[in-house]
S.K.: 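First the structure, which I've put down as structure tokens, then a few questions once you've had a look.
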Amino acid sequence: RQENWVFPLFHAMEMLHWTQNRFTPYSHALESRIQFVSSHYAGANGDNLTQKAWAAAEQRLLAKNHSSTAIFTLKVAYELMRTGKSYHWKNNPKPKDELVQSLNKIDASLKLFPDSEAAEGLKELKKSILDNELAFTIKTDLSLNEAQLMGVDYRNLNHATMVVFHVKKDFNSYSQNYLKQLTLEKVYTQQLTFDEDKYMLPHSKDFILPAFTATGKYLIVIAPDAEKIATILAADTLANQTGFAYKVVQVTELTVKVSSENSRNRIQVVHQQTGKPSAGAKVRYTRKVYGMNNEHTMLLKETTTNSDGISEADFTNEFNYTVSYKGDSVGDRLYRYNYGQESVKTKMMVYTDRSIYRPGQTVNYKVIAYDDNDTRKGVVADFQVRMVATDQNGQQLASQNNRTNQYGSVAGSFQLPLSGFLPGQVYLTINEGGAYQYITVEEYKRPTFETVFDTIKAQYALGDSITFSGKAIAY
């Protein structure tokens, strides 16, 4: 078993460096050993034991007054930050002053060891603790003439500004700032006040959003002040913008029911309040077509609903629909259907070339799209794939659009920023949740040893047992 020889090797390397007062390589070996044990430990209370190991390593090097102490201070401070940010008044009320403890540790380390190899990571972590945070929840389909309850999540803020815009014209092409593409008309502004918290914990507060008196699409933006909102709307990219939140909602009197029946995709449009079918509603079926340097919308079909409010169409792959009725409209996107069967959404898998990266490195990924149902099993060619990479704060780091090749796969790559984001887990989301993968981004040192396995010359079949040999070389 791998762990039977790796652990003694780590320990031997640590003792060699420690006895010769080589504290920098010692700290790297110790860090690698703790990470190895943490990832392989299957017992209870693993996270707490790992945190104790980081703290013990920090104290041991601090007694030597060596700058490598900062490596473990960063680990301890990060876990304190993560614990503090996990606070919830109902679900997790235990955290209290962990964020303050984390900040104090960071400040003390930067004062003692301002030029340590972990200094930049500590500064980024400090920024993450001090930054304000905003998010809110509200239904995306709102009823006309009805006030709506809106929940706002906040941290490090005692006030914010909310502005509601009527979206007069939506965008037709992809942009790094979706909001800049919109034609907007301001309809409502509200000042939000929050309770102050010296512990910097996350909190929630409910507000009432006044009723909308006209149907249509609306943009809701919340930020610390009106100037910040103006900056967000004018920015070329949202990648470096933090401390704000937005949602696009649809105010409508229509409800759309989607189903598949008798080999056809069926859309039924009814009135939201009465349930009465909306006969004569205009339905447009479209699909995005992507070229080398541009994209455009292709009209697939245009129909009107019958007396039962129903429109039917046959399409494969994903497509969009837009329903318009007496000045009201609503739309959504649907995925491929399997004729004669219940609707099936194409499945996807996403892989990355590694699981851990440093800031500034390139992430290579691959997505495979496939169908797996009773009537069709196989890869899906020419399938639209959109990848969005975000950090733990929801900040977008990269986004790409591609289509699968004849083998049902698509490969892409993007470069991680050097700074300006929260290190830790970065999430790759495919097609708004069709598939997920996460990677770890942090400053790390490669282990100072190498494992080499002997070449396997025999041939084996599935189910055979394989015995192989190799050696470990320490540098």
S.K.: For residues N177 and T237, is any side-chain donor paired with an opposing acceptor at under 3.5 Å?
M.R.: no
S.K.: Please report the C-alpha distance between D153 and H203 in whole Å, then the side-chain angles of each, then the deciding distance to 0.1 Å, and finally whether the side-chain hydrogen bond (donor to acceptor under 3.5 Å, both in side chains) criterion is met.
M.R.: CA-CA 6 Å; D153 302 318; H203 296 281; over 6 Å; no
S.K.: Please evaluate residues D170 and L182 with respect to the criterion side chain to side chain contact (heavy atoms under 4.5 Å, CB included), reporting the C-alpha separation (whole Å), side-chain torsions for both, the decisive distance (0.1 Å), and the verdict.
M.R.: CA-CA 5 Å; D170 208 336; L182 304 176; 3.2 Å; yes
S.K.: Below 4.0 angstrom, N of the basic side chain to O of the carboxylate: do K198 and D97 qualify?
M.R.: no
S.K.: Looking only at side chains, do S311 and T303 share a donor and an acceptor under 3.5 Å apart?
M.R.: yes
S.K.: Going by atom types alone, do Q191 and T161 pair a side-chain donor with an acceptor below 3.5 Å?
M.R.: yes
S.K.: Salt bridge check, D371 against K347: does any charged N sit closer than 4.0 Å to a carboxylate O?
M.R.: no
S.K.: Set out, in order, the CA-CA distance, both residues' side-chain angles and the distance that settles side chain to side chain contact (heavy atoms under 4.5 Å, CB included) for Q272 and S143, then state yes or no.
M.R.: CA-CA 8 Å; Q272 195 175 78; S143 301; 2.6 Å; yes
S.K.: With sequence neighbours left out, what residues match K180 under side chain to side chain donor-acceptor pair (under 3.5 Å)?
M.R.: D236
S.K.: For the pair N156 (side chain) and D131 (backbone), establish whether a donor and an acceptor sit closer than 3.5 Å, ignoring hydrogens and angles.
M.R.: yes
S.K.: Hey, are K326 and E253 close enough for a salt bridge, meaning a charged N less than 4.0 Å from a carboxylate O?
M.R.: no
S.K.: Under a 3.5 Å cutoff, is there a donor and acceptor pairing between the side chains of Q101 and Y199?
M.R.: no
S.K.: Are the side chain of R155 and the backbone N or O of I129 linked by a donor-acceptor pair below 3.5 Å?
M.R.: yes
S.K.: Using the rule given for side-chain hydrogen bond (donor to acceptor under 3.5 Å, both in side chains), can you reason through S86 versus N92, listing the C-alpha separation, both sets of side-chain angles and the distance that settles it, and then say yes or no?
M.R.: CA-CA 7 Å; S86 71; N92 187 27; 3.0 Å; yes
S.K.: Flag this pair as yes if the NZ/CZ of K94 is under 6.0 angstrom from the six-membered ring centre of Y87 and inside a 45 degree cone about the axis; otherwise no.
M.R.: no
S.K.: My understanding is that only residues two or more places apart in sequence, or in another chain, count here; which of them pass side chain to side chain donor-acceptor pair (under 3.5 Å) with Q415?
M.R.: none
S.K.: Is a side-chain N or O of S278 found less than 3.5 angstrom from the main chain of G309, in a donor-acceptor match?
M.R.: no
S.K.: Does any N or O in the side chain of D391 come within less than 3.5 Å of the main-chain N or O of L422, such that one atom is a donor and the other an acceptor?
M.R.: yes
S.K.: Is any side-chain N of the basic residue among K282 and E302 closer than 4.0 Å to the acidic one's carboxylate O?
M.R.: yes
S.K.: Between E31 and K75, does at least one N-O distance fall below 4.0 Å, as a salt bridge requires?
M.R.: yes
S.K.: Just to verify, what does Y218 make a ring pair (Phe, Tyr, Trp, His ring centres under 6.0 Å) with, not counting sequence neighbours?
M.R.: H166, F212
S.K.: Apply side chain to side chain contact (heavy atoms under 4.5 Å, CB included) to Q241 and T231, showing your working.
M.R.: CA-CA 9 Å; Q241 298 292 336; T231 300; 4.2 Å; yes
S.K.: Before accepting this row, confirm whether a basic side-chain N of the pair R82/E79 lies closer than 4.0 Å to the acidic partner's carboxylate O.
M.R.: yes
S.K.: With rounding to the nearest 0.5 Å, note down the distance linking CZ in F414 to OG1 in T362.
M.R.: 9.0 Å
S.K.: When you measure from the side chain of T440 to the backbone of Q425, do you find a donor-acceptor pair of N or O atoms at a distance under 3.5 Å?
M.R.: no
S.K.: Does a side chain donor of either S204 or Y154 reach within less than 3.5 Å of an acceptor in the other side chain?
M.R.: no
S.K.: Drop me the distance from S419's OG to E124's CD, to the nearest 0.5 angstrom.
M.R.: 5.5 Å
